[in-house]
Amino acid sequence: MEILPEKAADTGGRRRRVGLIYDERMCKHFCLEDETHPEMPDRILTIWEKLQSALIHQRCVVLSAKEAEDEYIAAVHTRKHIDLIKNISSRKFESRRKKVAAKFNSIYFNEGSSEAAYLAAGSLLEVTEKVAKGELDSAFAIVRPPGHHAEVDKPMGFCLYNNVAIATKFLLDKHELGINKILIVDWDVHHGNGTQKMFWKDPGVLFFSVHRHEFGTFYPASDDGSHIMIGEGPGAGYNINVPWENGWCGDADYLAVWDHVLIPVAKEFCPDIVIISAGFDAAVNDPLGGCRVTPYGYSVMLKKLMEFAQGKIVMTLEGGYNLDSLANSVLACVEVLLEDDPIIGSSEAYPFESTWRVIQAVREELSMFWPILKDELPKELISRSKELPIQILISDSDVENDNGVPVVLEDLGNTVEDVLQPFSGLRIGGVSNEVNTIWRSALSKTYVWYATYGSNMWESRFLCYIEGGQVEGMRRPCTGSLDKSVPKEILWKVVPHRLFFGRDQTKTWGPGGAAFLSPESNCQHKAYMCLYRITLEQFNDVLLQENVSGCDMSSPVFDLTDLEFIKEKNCISLEILKNGWYHNVVYMGNENGIPILTMTCTLSDVENFKSGKFPVCAPAKEYANALVRGLVGGKQLSEEAAMAYIQEAATKPL
Ligand code: Q9C
Ligand code: ZN
């Protein structure tokens with residue numbers, strides 16, 4: 001249990017004036033095609049009802065919503081973008097609305113969108129001005145659509161206008177308000193890409209975002225949210241990203257970031273006002289976020305920010321898609337804005353190991369600009385960490401659904417597939433269970449040749465699957481196998497199979513195709529294979545790293561029975577890995593009495609590549625380099641010959 005003492009803005013004994021703004025006209029924006037779309041009207045309605053039943057509205061200053069004036073919107077958005085949002089709801093746009101929305105990333109429009117967008121931006125402007133002037137101590141704008149993904153010239157990620165950017169620019173431009181330094185805290189689970197870009201070179205705005213990043217694979221899935229994105233020119237050092245490596249982050253993780261990054265920097269920056277991009281999709285049970293922040297956690301995060309700018313805090317809603325979690329979290333925050341009392345509660349004790357790693361990386365990156373971050377964190381402190389709840393392995397390949405359409409991991413919500421972890425302290429098989437040590441010890445006695453034809457021909461790359469780690473060109477580290485002993489033998493073979501490249505991108509190498517080997521042999525073809533002698537236990541760990549999977553490893557994916565089966569039938573498509581690209585294990589005969597196994601797609605997948613249902617795609621440069629390194633390092637081909645070999649496989653029609 002923790003009691004956080006009251007040391008926030010002193011109002012000299014008078015009650016705090018907290019502004020609240022809400023308008024049901026913002027419910028008129030909704031997704032016609034899908035009424036279960038997470039960014040739904042009920043989000044703000046539920047919040048409002050919650051505050052009313054807690055009689056909060058009676059203790060606040062309730063203001064009426066206003067539409068933003070174009071003048072203020074134009075200070076951050078292009079004319080073209082403003083015209084789009086202004087006109088998209090008009091009758092003459094009706095027939096085109098859906099098509100226009102489809103041009104953008106995660107956007108829908110209806111006849112209520114324009115009005116809602118103007119009200120969301122305008123409402124935030126309204127309370128922001130009042131807080132800046134001191135007419136209010138703080139405020140919460142209960143608005144939608146959200147804003148932080150919206151960029152200068154486009155809507156994105158459920159966001160039409162960038163409400164926070166509009167309010168921020170308004171304050172900076174209205175000099176008589178005397179606001180010169182603005183701290184934006186974006187605690188939505190997603191990176192605030194739009195806001196970041198708008199103040200990239202501006203030292204008057206300290207933009208801080210903590211978000212799931214997972215090495216650039218979590219929405220909005222780009223490198224913009226990386227910790228090395230620190231701003232530019234005069235704005236260098238005024239952009240701070242804290243990118244989570246995994247889901248499940250909770251109060252302890254967020255508070256560690258507050259204590260060891262945000263608060264020390266904010267003390268130094270000394271903002272004139274704080275604006276919070278308050279998404280609540282990092283809340284426990286949120287269907288998109290996969291994190292675990294409790295209402296208590298949010299209230300402590302907020303309380304710690306009330307020390308700044310004499311408590312001048314403006315909060316505005318961004319994401320948050322579990323209606324109960326959302327309403328409870330907002331309520332907890334408004335109570336903090338209202339109360340002078342200390343807040344009482346408790347949450348889990350320790351952050352993840354990855355959280356300390358991220359905090360250290362962020363501190364190092366920014367220590368040049370914020371000397372307070374130079375000190376090393378005490379060993380004692382960072383040695384305490386909580387364990388990830390379940391073991392999931394990282395995969396090379398993306399997941400696809402039955403239609404062959406790639407599934408964005410986030411769409412799977414809070415499931416295990418969503419959480420990938422690159423820890424060296426491996427927890428394969430979950431918390432701890434004897435059950436899985438039984439199959440492991442059984443399979444550890446059988447050897448196989450794992451025959452590779454892609455980047456795993458490069459020995460150092462393959463070793464990442466065994467020992468863990470990351471090589472050049474790889475976007476994120478591997479977990480490795482539980483048994484980290486290196487292959488007993490390596491040998492090369494040329495086989496009569498077709499090598500080709502398909503898919504648009506991989507999580508490990510980025511854009512560009514991945515290698516596949518046609519499962520059927522044909523004497524016209526020639527493919528190089530590098531064979532590693534490993535145990536069947538290790539082969540299971542490799543299979544899982546190649547095919548992202550939510551299996552718990554309490555039983556093997558490919559066992560001795562499967563081995564007997566494919567000796568007979570040549571291949572087996574593993575049901576449990578059916579969404580992975582390399583779910584088909586193919587038997588390619590024996591070498592010194594040891595079976596040769598490879599993993600590739602199925603014959604029916606090959607048909608889909610032929611017909612164009614699955615994309616064929618030349619390998620990305622980084623990925624092709626990995627193959628060349630393998631072939632050259634294995635003394636199979638010269639560099640030129642290796643490049644020609646890949647070139648041919650990439651260009652010859654299937
Ligand atoms: N298949 C906010 O929380 N997910 N925006 C798209 C695509 C978009 C979230 C998944 C998530 C946007 C404000
Ligand atoms: Zn979000």
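Order of appearance sets the numbers: ligands from 1, and atoms from 1 within every ligand. Note that the structure is a prediction, hence the values are computed from the model and not measured. Below, each value reflects all heavy atoms present in this structure, side chains not excepted, and no hydrogens, waters or symmetry copies.
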[X], any N or O under 3.5 Å of ligand 1 N or O:
X	result
His148	no
Glu318	no
Gly157	yes

* Over 12 foreign heavy atoms within 6.0 Å of CD, Glu24 -> no
Does the distance from a Lys or Arg side-chain N to an Asp or Glu carboxylate O, for [X] and [Y], drop under 4.0 Å?
X	Y	result
Asp23	Lys66	no
Arg292	Asp251	no
Lys86	Asp70	yes
Glu214	Arg476	no
Arg79	Asp153	no

* Asked: Do Arg97's NZ or CZ and the ring of Phe93 fall within the cation-pi criteria of under 6.0 Å and 45°?
  ->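 So Arg97 doesn't make the cation-pi contact.
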* Report yes or no: is the cationic atom of Lys386 (NZ for Lys, CZ for Arg) under 6.0 Å from the centre of the six-membered ring of Tyr350, at an angle within 45° of the ring normal? =>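 No, Lys386 and Tyr350 do not form such a contact.
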* ligand 1 versus Asn105, non-hydrogen atoms closer than 4.0 Å: side chain, backbone, both, neither? -> neither
* Asked: Using heavy atoms and a threshold below 4.0 Å, how should the contact between His149 and ligand 1 be classified: side chain, backbone, both, or neither?
  -> side chain
Numbering the atoms of ligand 1 from 1, which are under 4.0 Å from a heavy atom of [X]?
X	result
Pro146	13 (C)
Asp281	3 (O)
Asp188	3 (O)

* Considering only heavy atoms, which of Tyr321, Tyr219, Phe280 lies nearest to atom 2 (C) of ligand 1? ->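 Of the listed residues, Tyr321 has the closest heavy atom.
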* **Every N, O or S from the protein that is nearer than 2.8 Å to the Zn ion (ligand 2)** =>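 Per the 2.8 Å query on the Zn ion (ligand 2), atoms found are Asp188 OD1, Asp188 OD2, His190 ND1, Asp281 OD2.
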* Structure fact -> Only residue of Phe158, Trp244, Phe218 satisfying ring-ring contact (aromatic ring centres under 6.0 Å, His included) with His190 is Phe218
* If the plane angle is over 60° it's perpendicular, under 30° parallel, otherwise tilted; pick one for Tyr22 and Trp48. => parallel
